[in-house]
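Heads up: numbering here begins at 1 and tracks the sequence. Just the heavy atoms: all of them, side chains too, but no hydrogens, waters or symmetry mates, feed the values below.
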Amino acid sequence: MRPGAVVDAVGFLVTFPGGPASVKVHGLRLCSKAADAPVDKGVGGDFYMGEAECTRVALYRKVKRILRSFSGRRSMHNYSEGVCSSEPRAWRRTAKPRVHGGIVAQGREFVVVSICCAGFLFGQLRRMFGGLITACRGVVPEEYVSLATEPWAFLPIPVCPPHLLVLDECTFDMYEAKKNIQIRPRPTRYKVGFTDLEGQRAVAAFRQRILVHIANIEVNEDRTGRWMREEVDPAGPDMCRAMDLVLLRHQSLAKL
């Protein structure tokens, strides 16, 4: 499955570190002072951006950094219900999560994230994005998300609202190989079996309309904003204390 999720970028914008100082990010010199901006150095020169663009780039980098915590084979016992880390089903392999270009709805920008996993546990995806939003918002440290995938750690994870998630694609390769049957058209290189360019464009356009629809719901009803203010923010101190206790216990056991 490869669900897409729209995450409100405005709701958890992070402050760009370093204040008025400039920093290097992937060859781009980012500045937070408008007076430092547009200086054209020609080909190969630095490109200067203002404070708003600095914050936007910092947010995208933070989202990508946190998403790496889910890549590969991880224990997702904290991201589901009634699952112990000692159970084989708790271990799930997640393909590299991707951050796509933003969706703009009514003047607000949203970040689109997609995750592909070989089968999700109950409630796993909602908790994965709940942890992502919580860490991006700064309620808990970024390490909280990766720590929750350790088999010896037991931590609470917020459950994000369900309207943010969209099922984008399902593949049945393992089942097809086991039963020696074919469920969807080949080649599998193209999404949902479309091999013609017109079909691919139609699917992409429909996907875009769905994402814009979800973004408009968020702008008009502020569901995620209310969830963050009413549930995530108040739970922050307890989540940080739980993280400290887990780390302290692990360190104590390591000394034995």
Could you walk me through whether V99 and L67 pass side chain to side chain contact (heavy atoms under 4.5 Å, CB included), step by step?
CA-CA 9 Å; V99 181; L67 284 174; 3.5 Å; yes
Starting from the C-alpha separation in whole Å, work towards a yes-or-no answer on side chain to side chain contact (heavy atoms under 4.5 Å, CB included) for S252 and R249.
CA-CA 5 Å; S252 299; R249 180 176 180 271; 5.7 Å; no
With a 4.5 Å limit on heavy-atom distance, are the side chains of [X] and [Y] in contact?
X    : Y    : value
P151 : S86  : no
S71  : P97  : yes
W152 : L253 : no
M76  : V83  : no
I217 : H163 : yes
V232 : I133 : no
H213 : Q208 : no
I210 : V212 : no

For R65, is the CZ atom crowded, meaning more than 12 foreign heavy atoms sit under 6.0 Å from it?
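More than 12 heavy atoms, drawn from other residues, nucleotides or ligands, come within 6.0 Å of this atom.
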What's the separation between atom [atom1] in [X] and atom [atom2] in [Y], rounded to the nearest 0.5 Å?
X    : Y    : atom1 : atom2 : value
E231 : R226 : CD    : CZ    : 10.5 Å
M128 : L165 : CE    : CG    : 10.5 Å
M239 : I157 : CE    : CD1   : 5.5 Å
L125 : F120 : CG    : CZ    : 5.0 Å
R137 : T224 : CZ    : OG1   : 10.5 Å
F129 : T134 : CZ    : OG1   : 12.5 Å

Evaluation steps, salt bridge (charged side-chain N to carboxylate O under 4.0 Å, His left out), between D222 and R229:
CA-CA 11 Å; D222 193 32; R229 293 188 297 270; 2.6 Å; yes
Under 3.5 Å side-chain donor-acceptor pair for Q106 and N220:
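N220 and Q106 do have a side-chain donor-acceptor pair below 3.5 Å.
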Looking at every non-hydrogen atom in both residues, tell me the closest pair between [X] and [Y] and how far apart they are.
X    : Y    : value
L164 : I214 : CA-CG2, 4.3 Å
A242 : P156 : CB-CD, 4.1 Å
L155 : N78  : N-OD1, 3.0 Å
W227 : P158 : CZ2-CB, 3.7 Å
S80  : L121 : OG-CB, 3.5 Å
A105 : V219 : O-CG2, 3.7 Å

Quick check: does any side chain N or O of [X] sit under 3.5 Å from a backbone N or O of [Y], one acting as donor and the other as acceptor?
X    : Y    : result
W91  : S85  : yes
R126 : C160 : yes
S146 : S69  : no

Show your working on side chain to side chain contact (heavy atoms under 4.5 Å, CB included) between C136 and I66 and close with a plain yes or no.
CA-CA 8 Å; C136 282; I66 296 172; 3.7 Å; yes
F110 vs E218, side chain to side chain contact (heavy atoms under 4.5 Å, CB included): CA-CA, chis, key distance, verdict:
CA-CA 10 Å; F110 294 77; E218 187 57 39; 3.7 Å; yes
Which label fits H77 and F154: parallel for a plane angle under 30°, tilted from 30 to 60°, or perpendicular past 60°?
perpendicular
Hey, are R68 and E142 close enough for a salt bridge, meaning a charged N less than 4.0 Å from a carboxylate O?
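Result for this pair is no, no salt bridge flagged.
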With clusters defined by side-chain heavy atoms of hydrophobic residues (ILVMFWY) lying less than 4.5 Å apart, directly or transitively, does V246 cluster with V145?
yes
As a test of understanding, state which of R92, R74, R73 forms a side-chain contact (heavy atoms from CB on, under 4.5 Å) with T149.
R74
